[in-house]
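What follows is a short report on a single structure.
All chains are named by letter (A, B, ...) in the order of the sequence lines, taking the proteins before the strands, and each is independently numbered beginning at 1. Basis for what follows: all heavy atoms, side chains included, without hydrogens, waters or symmetry-related copies.
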Amino acid sequence: MSLHLYDTWTRSLREFTPLKPGAVGLYTCGPTVYNYAHIGNLRTYLFEDGLTRVLRMNGYIVNHVMNITDVGHLVSDGDDGEDKMEAGSRRTGETAWTIAALYTEAFRADLKSLNIVEPTTWCKATDHIAEQIAFIQAIEKKGYTYVTSDGVYFDTAKQASYGHLGRLDIAGLQGGARVDLGEKRNATDYALWKFSKPEDKRQMEWDAPWGRGFPGWHIECSAMAHKYLGEYFDIHCGGEDHITVHHTNEISQSEAAYDSRLSNFWMHGYFLLTNDAKMSKSAGEFLRVKLLVDKGYDPIAYRYLCLTAHYRSQLNFNWEALDAAQTALDRLRQNVHSLGAPGPTPNAGYVTKFIDKLNDDLNFPQALALAFEVSKSDLPNAEKKATLLKFDEALGLGFANWAPKTVDVPANVQAVADARWVAKNAKDWAEADRLRGELTALGWAMKDGKDGFTVTPL
RNA sequence: GGCGGGUUAGCAAAGAGGUUAUGCAGCGGAUUGCAAAUCCGUUUAGAGCGGUUCGAUUCCGCUACCCGCCUCCA
C-alpha cells in the first residue's frame with residue numbers, strides 16, 4: 001500500500017503525497033537546551049526518526065530541519081514566567097550561552113546513542129533573531145498585533161481560524177482559565193516579542209523596533225521553518241502537548257503573515273508515562289539515557305521498547321518492560337549475527353509486507369513482529385540476513401554493525417578453563433565440576449559447545 | 001469547568017466483526033555428564049452493564065476508573 005499518515009489537522013489517516021515530487025520537507029520541533037533530555041522527550045525524536053526512515057524507504061529525499069530553542073522559552077504561567085535559559089544560567093553559574101552549548105551537545109550525544117539519524121539542518125533560535133523580527137513585522141503589518149507594557153502580543157480574537165488544529169473551544173477555555181491574563185486581551189493571545197525588564201539583567205537580549213528584548217517561543221519555529229522549508233511544506237512534527245498551544249500558535253502566525261497553515265501534515269508523538277503519569281522535566285521522575293547506561297542497559301534497548309508501541313499511543317515505561325526489550329534485542333541481534341554474510345537480495349515478499357505495515361501510519365509494532373517471523377522462517381540464511389538488514393533500515397537497531405562483545409580472558413582463567421575442557425573430554429566429571437567451581441570463584445562462567453567452549457564474566 | 005484519548009493475559013503492547021499478534025516472563029519437552037545457550041510446544045486475555053449481529057475483545061450506548069491537553073512541557 002502507499003504511505004498513509006495520520007494528520008492531526010484533519011484528525012484522520014491521509015495518503016501522503018509530497019508537495020514536490022520525490023522530496024519531503026520535514027520540520028520537527030527540537031529541544032529547549034536548558035537541561036538534559038529525558039527518555040520521554042527522546043521518545044518523540046525516536047518517532048520522528050522512524051518517520052524519516054520510512055519516508056526514505058519509500059524513496060523520498062528528506063530535507064529534515066530541527067530547531068534548537070536556546071532563548072525565549074518561559075518557565076511557567078503563560079507569558080510572564082522566567083526565561084528557561086536565564087534560569088538555567090542562574091542555577092549553574094554558567095552563562096546562558098554556555099548552558100545552551102552544553103545541553104545541545106548532550107542532546108546530540110543522546111540522539112547518537114539511540115541511533116537516531118541527525119536532521120539535515122540544525123537551526124538555533126538565537127542565530128535567527130533578524131528573521132523572527134521580520135516575521136513579527138509581517139504579522140504586525142496585517143494588523144494582528146498589540147503592544148502591552150511587557151511585550152508585543154498576537155490578538156487571536158482577530159483570527160477566525162484560530163485554534164483549528166487543537167479543536168479549541170475558546171469559550172470553554174476562558175471558563176476554566178488557570179492563568180492570570182495580565183494585560184492580554186484574550187486567554188489564547190500569546191507573546192511575539194517580550195521586553196527586557198531592567199531589573200532582570202538579561203544575558204540574551206536584542207534590539208527590536210518595539211524595544212529591547214527577546215522573541216516569544218512560538219515565533220522561532222514559524223520563522224525558521226519559513227526560512228528553510230518555505231511557506232508551505234510537507235510535514236511538521238512534535239509531541240502531543242504541542243497540539244493545543246505551540247503548533248496552534250505556529251499556524252496562527254503563519255496564517256497571519258502569509259495565509260498558510262505552514263504544513264500539509266501535522267503529526268504528533270504521544271507521551272511516555274512512568275507510573276501511569278507523564279514524565280516531565282519540571283516535576284517527578286527524570287530518567288536520562290545515562291541512567292539506563294549506568295544500570296547496564298544498551299540505549300538501543302530503549303529504542304526497541306519504543307518500537308513495540310505505536311507512536312500515537314502513550315507508552316507506560318517500567319523496568320520490567322525495558323528488561324524484556326533488552327533480552328529480545330540481544331536475541332534478535334545474536335540471531336541476525338549468526339546468519340553469516342547477507343545474500344544479494346532480500347526476500348521480496350517479506351519486504352513488501354514489511355513496508356505495507358510501516359506505510360500504514362508507521363505500524364512499527366507489527367513490523368517488528370514480522371522481523372521475528374522472518375528470523376524464525378526457513379528462508380536460506382543469506383536471504384534471511386539480507387531481509388533483516390533491509391528491515392533494519394527502518395528499525396534502526398544496528399544489525400549490520402553488531403557483533404558479540406569479545407572479552408579478554410586473563411591467562412589464569414584461560415588455564416583453568418582449558419584444564420576443565422580436558423577433564424570434561426576425559427569424562428572426569430568430578431574434576432570438571434571442581435574446575436567449574438574454581439572458575440565461578442574467579443568470577444567467570446564457562447559454556448560448553450560442540451567443538452569448544454566460551455568463557456564470559458559473570 | 002472545557003476538549004481529547006485509554007482500559008487486552010504476570011509485564012509491555014498490536015491488528016482484526018468469525019481464523020496463533022509479537023516480545024519478555026512462566027510451564028512442559030528435546031538437547032546436554034551437569035550447566036548455559038539453542039530449538040520445539042504451551043497455560044494465563046480484552047473494566048462492568050446493556051444493545052446491534054447467526055457471531056463482538058473488535059461496532060454502538062451507559063457506568064466506573066485511568067491518562068493527556070487547556071500552564072513551561074516531547
Side-chain angles (χ1 to χ4, degrees), chain A residues 8 11 28-32 34 37-48 73-84 87 163 166-180 187-188 217 237-246 248 268-273 276-283 304-310 312-329 331-332 334-335 338 357 360 363-373 376 424-425 427-430 432-433 436 440 445-450 453-454 456:
Chain A
T8 306
R11 302 287 160 103
T28 58
C29 283
T32 302
Y34 70 105
H38 60 60
I39 61 174
N41 299 130
L42 291 164
R43 185 185 180 204
T44 296
Y45 302 107
L46 282 166
F47 141 62
E48 293 159 353
H73 208 153
L74 305 179
V75 170
S76 67
D77 291 336
D79 292 301
D80 62 355
E82 187 177 15
D83 185 303
K84 284 188 172 179
R167 304 292 193 267
L168 296 185
D169 172 352
I170 309 293
L173 271 177
Q174 286 167 342
R178 281 189 269 167
V179 180
D180 184 10
T188 47
W217 173 38
C237 297
E240 57 168 315
D241 55 322
H242 283 162
I243 297 170
T244 45
V245 180
H246 182 52
T248 289
H268 297 91
Y270 280 66
F271 282 141
L272 181 77
L273 309 180
D276 292 314
K278 174 174 121 174
M279 185 178 293
S280 103
K281 284 185 190 176
S282 46
Y304 179 99
L305 177 62
C306 289
L307 291 178
T308 65
H310 193 262
R312 276 195 294 118
S313 299
Q314 294 179 334
L315 168 60
N316 201 10
F317 177 88
N318 61 46
W319 296 103
E320 191 179 355
L322 188 61
D323 280 338
Q326 179 76 66
T327 303
L329 173 66
R331 288 183 187 164
L332 194 55
Q334 181 62 51
N335 180 278
S338 70
K357 302 217 179 267
D360 181 13
N363 197 326
F364 275 98
Q366 291 209 345
L368 191 59
L370 190 66
F372 278 93
E373 191 181 321
K376 286 182 185 169
K424 187 219 157 197
N425 286 321
K427 296 190 191 298
D428 183 353
W429 310 132
D433 287 348
R436 183 192 289 286
T440 307
M446 181 165 174
K447 294 179 189 175
D448 300 341
K450 206 173 179 186
F453 60 87
T454 56
T456 48

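- Using modelled atom types, one side-chain atom of A:Glu240 and one backbone atom of A:Phe271 make a donor-acceptor pair closer than 3.5 Å.
- Using a 4.0 Å heavy-atom distance criterion, A:Phe317 is classed as making no nucleic acid contact.
- Between the CG atom of A:Leu315 and the C1' atom of B:G5 there is a distance of 15 Å, given to the nearest Å.
- With B:G33, B:A21, B:A37 as the choices, the nucleotide that has an atom nearest any side-chain atom of A:Trp429 turns out to be B:G33.
- The same atom, P, is picked in B:A21 and in B:A45; the two are 12 Å apart, to the nearest Å.
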Evaluation steps, side chain to side chain contact (heavy atoms under 4.5 Å, CB included), between A:Gln366 and A:Leu368: CA-CA 5 Å; A:Gln366 291 209 345; A:Leu368 191 59; over 6 Å; no
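- Distance from the side chain of A:Asn318 is smallest to B:A12 among B:A74, B:U22, B:A12.
- Between A:Met446 atom CE and B:G33 atom P the separation is 14 Å, expressed in whole Å.
- Taking 3.5 Å as the limit, the base of B:C11 and the side chain of A:Asn316 contain no donor-acceptor pair of atoms between them.
- Listed nucleotides B:G68, B:G15, B:A13 differ in distance to A:Gln314; the shortest reach to its side chain belongs to B:G68.
- In this structure, A:Lys357 atom NZ and B:A13 atom C1' are separated by 15 Å, rounded to whole Å.
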For RNA chain B, the dot-bracket pattern of Watson-Crick and G-U pairs whose distances stay under 3.5 Å, | for other-strand partners: (((((((..(((.....[...))).(((((.......)))))....(((((..]....))))))))))))....
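- Looking only at distances, no side-chain donor or acceptor of A:Arg43 sits under 3.5 Å from a matching main-chain atom of A:Cys306.
- As judged by a 4.0 angstrom heavy-atom cut-off over every strand, A:Lys427 is placed among residues making no nucleic acid contact.
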Worked verdict on A:Thr248 versus A:Leu168 for side chain to side chain contact (heavy atoms under 4.5 Å, CB included): CA-CA 9 Å; A:Thr248 289; A:Leu168 296 185; 4.3 Å; yes
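- Nucleotides B:A37 and B:G15 are separated by 33 Å at their C1' atoms, to the nearest Å.
- In this structure, the nucleotide among B:A74, B:A13, B:A36 sitting nearest to the side chain of A:Tyr45 is B:A74.
- The separation between A:Leu168 atom CG and B:G4 atom C1' is 11 Å, rounded to whole Å.
- Using the six-membered ring where Trp is involved, A:Trp217 and A:His246 have ring planes that are parallel, under 30° apart on the 30 and 60° scheme.
- Here, B:G4 and B:G23 have their C1' atoms 30 Å apart, quoted to the whole Å.
- Rounded to a whole Å, the NE2 atom of A:His310 is 7 Å from the P atom of B:G15.
- Of the candidate nucleotides B:A14, B:G68, B:G33, B:A14 has the atom nearest to the side chain of A:Ala309.
- If you take atom P in B:G41 and the same atom in B:C54, they sit 38 Å apart, rounded to whole Å.
- A:Asp448 has its side chain within reach of A:Lys424: a pair of non-hydrogen atoms, C-beta onward, lies under 4.5 Å apart.
- Annotation: B:G26 and B:C59 have their C1' atoms spaced 35 Å apart (nearest Å).
- Going from the C1' atom of B:U22 to that of B:A14 covers 8 Å, rounded to whole Å.
- Judged by closest nucleotide on RNA chain B, A:Leu305 is the one of A:Leu305 and A:Glu240 placed further toward the 5' end.
- Judged by closest nucleotide on RNA chain B, A:Arg436 is the one of A:Arg436 and A:Tyr270 placed further toward the 5' end.
- Between B:G5 and A:Ser313, no contact under 4.0 Å exists linking OP1 or OP2 to a side-chain N or O.
- B:A13 and B:U19 have their P atoms separated by 24 Å, given to the nearest Å.
- When distances are taken from the side chain of A:Trp217 to each of B:G33, B:A74, B:C72, the shortest belongs to B:C72.
- One interatomic measurement links the two molecules: CG of A:Leu273 to P of B:G5, which rounds to 17 Å at whole-angstrom precision.
- Rounded to whole Å, the C1' atom of B:C67 lies 40 Å from the corresponding atom of B:G28.
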Show each protein N/O and nucleotides 23-27 of chain B N/O combination with a separation under 3.5 Å, one pair to a line.
| residue | atom | partner | partner atom | Å |
| --- | --- | --- | --- | --- |
| B:G23 | OP1 | A:Lys376 | NZ | 2.6 |
| B:C24 | OP1 | A:Arg331 | NH1 | 2.8 |
| B:A25 | OP1 | A:Arg331 | NH2 | 3.3 |
| B:A25 | OP2 | A:Arg331 | NH1 | 3.3 |

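- Each of B:U22, B:C69, B:A37 was ranked by its minimum atom distance to the side chain of A:Ala369; first place goes to B:U22.
- With hydrogens and angles disregarded, a donor-acceptor distance shorter than 3.5 Å links the side chain of A:Arg11 to the backbone of A:Thr8.
- In this structure, the side chains of A:Phe364 and A:His310 stay at 4.5 Å or more apart for every pair of heavy atoms.
- Between the OH atom of A:Tyr304 and the CG atom of A:Leu46 there is a distance of 14.5 Å, given to the nearest 0.5 Å.
- Distance A:Gln334 CD to B:A36 P: 17 Å, rounded to the nearest Å.
- Using a 4.0 Å heavy-atom distance criterion, A:Gly40 is classed as a base contact.
- Side-chain N/O atoms of A:Asp433 and base N/O atoms of B:G33 include a donor-acceptor pair closer than 3.5 Å.
- Base orientation of B:G28: anti (glycosidic angle beyond 90° from 0).
- At the heavy-atom level, A:His268 lies nowhere under 4.0 Å from the strands shown.
- The side chain of A:Asp241 lies closest to B:A74 when the candidates are B:G33, B:A14, B:A74.
- Remark: the backbone N or O of A:His268 is not paired with any side-chain donor or acceptor of A:Arg312 at under 3.5 angstrom.
- Inter-residue side-chain proximity for A:Leu322 and A:Phe317 is flagged as met; some heavy-atom pair is nearer than 4.5 Å.
- If you take CG of A:Asn335 and P of B:U38, they are 10 Å apart, rounded to a whole angstrom.
- With hydrogens and angles ignored, the 3.5 Å screen pairs no side-chain donor or acceptor of A:Asp360 with any backbone N or O of A:Asn363.
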